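Reading through the structure tokens given below for one structure.
Bear in mind the structure is a predicted one, so any value in this text is a computation, not a measurement. Whatever order the structure lists them in is the order used to number ligands and atoms, beginning at 1.
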Amino acid sequence: MAIVKRKELSIGEKLYLPAIFRGLSMTFRQMFKKRVTRQYPEEPLPVNEVTRGQPRLAVNDDGTIRCVSCGLCEAACPAYAITIDGQETDRFIEREPERFDIDMLRCILCGFCEEACPKDAILMSDELELADFSREALIYDVERLKRPVSQLRPRLDYVYKVNERW
Ligand code: SF4
Ligand code: SF4
């Protein structure tokens, strides 16, 4: 039977002193490095047109909703987060949503709904904050989803620019 000969530890090693000093020196070095921690929410994340935040429904300057209730975004949504019931309208577009809900707890901010929409009616906003006191409150209905198209314009321009590549 082979006998394993272990190295004799010094008193310092028995007291874990090398490891303690290595750890302390590392902590000391980190104290003088530039801090990378963000003090959220006092320091919010920077956002721009590339930010893929929560989806929102675009509303034209005359107050009409762009959505024609075609259901493509609902079909494209991998998280089954969108529920749409359409209704007829006298407007030129003929159909608009009677009900348009997005369950924000399900939404994974993938942007598939934006890509699927033939009317540029649903766009990824720069809104990232999501907090409430109940699950029901985080199912956004059409009124909570509506945003003026002017507010979503930077995102819309970005989407057009990206689509030009194809
Ligand atoms: S961003 Fe993705 S998960 Fe969220 S509603 Fe659109 S398709 Fe569904
Ligand atoms: S948001 Fe776009 S894809 Fe979704 S139902 Fe309305 S028009 Fe169709």
- Query: Going by the atom numbers of ligand 2, which of them fall below 4.0 Å from some non-hydrogen atom of Cys70?
  - Reply: 3 (S), 5 (S), 7 (S), 8 (Fe)

- Proximity flag Pro118 to ligand 2, non-hydrogen atoms under 4.0 Å: yes

- How does Ile82 reach ligand 2, by side chain, by backbone, by both or by neither, if only non-hydrogen atoms under 4.0 Å count? neither

- Which protein heavy atom lies closest to atom 6 (Fe) of ligand 1, and at what distance to 0.1 Å? Cys113 SG, 2.4 Å

- Message: Could you check whether atom CD of Glu8 has more than 12 heavy atoms from other residues, nucleotides or ligands sitting under 6.0 Å from it?
- Response: no

- Message: So for Gly71, does at least one of its heavy atoms come nearer than 4.0 angstrom to any atom of ligand 2?
- Response: yes

- Task: Taking atom NZ of Lys119 as the centre, report whether more than 12 heavy atoms of other residues, nucleotides or ligands fall under 6.0 Å from it.
- Result: no

- Item | Contact atoms of ligand 2, heavy-atom distance to Val68 under 4.0 Å | 6 (Fe), 7 (S)

- Message: Are there over 12 heavy-atom neighbours, none belonging to Arg38, within less than 6.0 Å of that residue's CZ?
- Response: yes

- Message: With a cut-off of 2.8 Å, does Cys77 put an N/O/S atom close enough to atom 8 (Fe) of ligand 1?
- Response: yes

- Ion pair check, Glu13 and Lys7, cut-off under 4.0 Å: yes

- Short version for Leu109: what comes under 4.0 Å of ligand 1, heavy atoms counted, is backbone

- Query: Closer than 4.0 angstrom: is that true for some heavy atom of Gly111 and an atom of ligand 1?
  - Reply: yes

- Only heavy atoms count here, so choose which of Cys73, Ala58, Ala76 is nearest to atom 4 (Fe) of ligand 2. Cys73

- Task: Using a strict 4.0 Å threshold on nitrogen-to-oxygen distance, state whether Arg91 and Glu94 make a salt bridge.
- Result: no

- Is the NZ or CZ atom of Arg155 positioned over Tyr158's six-membered ring, under 6.0 angstrom from the centre and within 45° of the axis? no

- Task: Just jot down the ligand 2 atoms closer than 4.0 angstrom to any heavy atom of Cys117, in number order.
- Result: 1 (S), 2 (Fe), 3 (S), 7 (S)

- Item | Atoms of ligand 2 close to Ile84 [distance to a heavy atom under 4.0 angstrom, numbered from 1] | 5 (S)

- Task: Please indicate whether Ile108 has more than 12 foreign heavy atoms, meaning atoms of other residues, nucleotides or ligands, lying under 6.0 Å from its CD1.
- Result: yes

- Task: Please say whether more than 12 non-hydrogen atoms of neighbouring residues, nucleotides or ligands are located less than 6.0 Å from CG in Asn48.
- Result: yes

- Check each atom of ligand 1 against the heavy atoms of Ile108 and keep those under 4.0 Å away; list them by number with element. 3 (S), 4 (Fe)

- Task: Assess whether atom CD of Glu88 is packed by more than 12 heavy atoms of other residues, nucleotides or ligands within 6.0 Å.
- Result: no

- Query: Going by the atom numbers of ligand 2, which of them fall below 4.0 Å from some non-hydrogen atom of Cys67?
  - Reply: 1 (S), 5 (S), 6 (Fe), 7 (S)

- Message: Out of all atoms in ligand 2, which are within 4.0 Å of some heavy atom of Ile122? Include the element for each.
- Response: 1 (S)

- Item | Met124, portion touching ligand 1 at heavy-atom distance under 4.0 Å | side chain

- Message: Quick check on contacts: which atoms of ligand 1 are under 4.0 angstrom from a heavy atom of Cys107?
- Response: 1 (S), 3 (S), 4 (Fe), 5 (S)

- Task: Look at Cys110 and state whether any of its N, O or S atoms is less than 2.8 Å from atom 6 (Fe) of ligand 1.
- Result: no

- Answer yes or no: is there an ion pair linking Glu127 with Arg147, defined by an N-O contact shorter than 4.0 Å? yes

- Can you list the steps and then say if Ile139 with Ile102 is a side-chain contact (heavy atoms from CB on, under 4.5 Å)? CA-CA 6 Å; Ile139 299 174; Ile102 301 183; over 6 Å; no

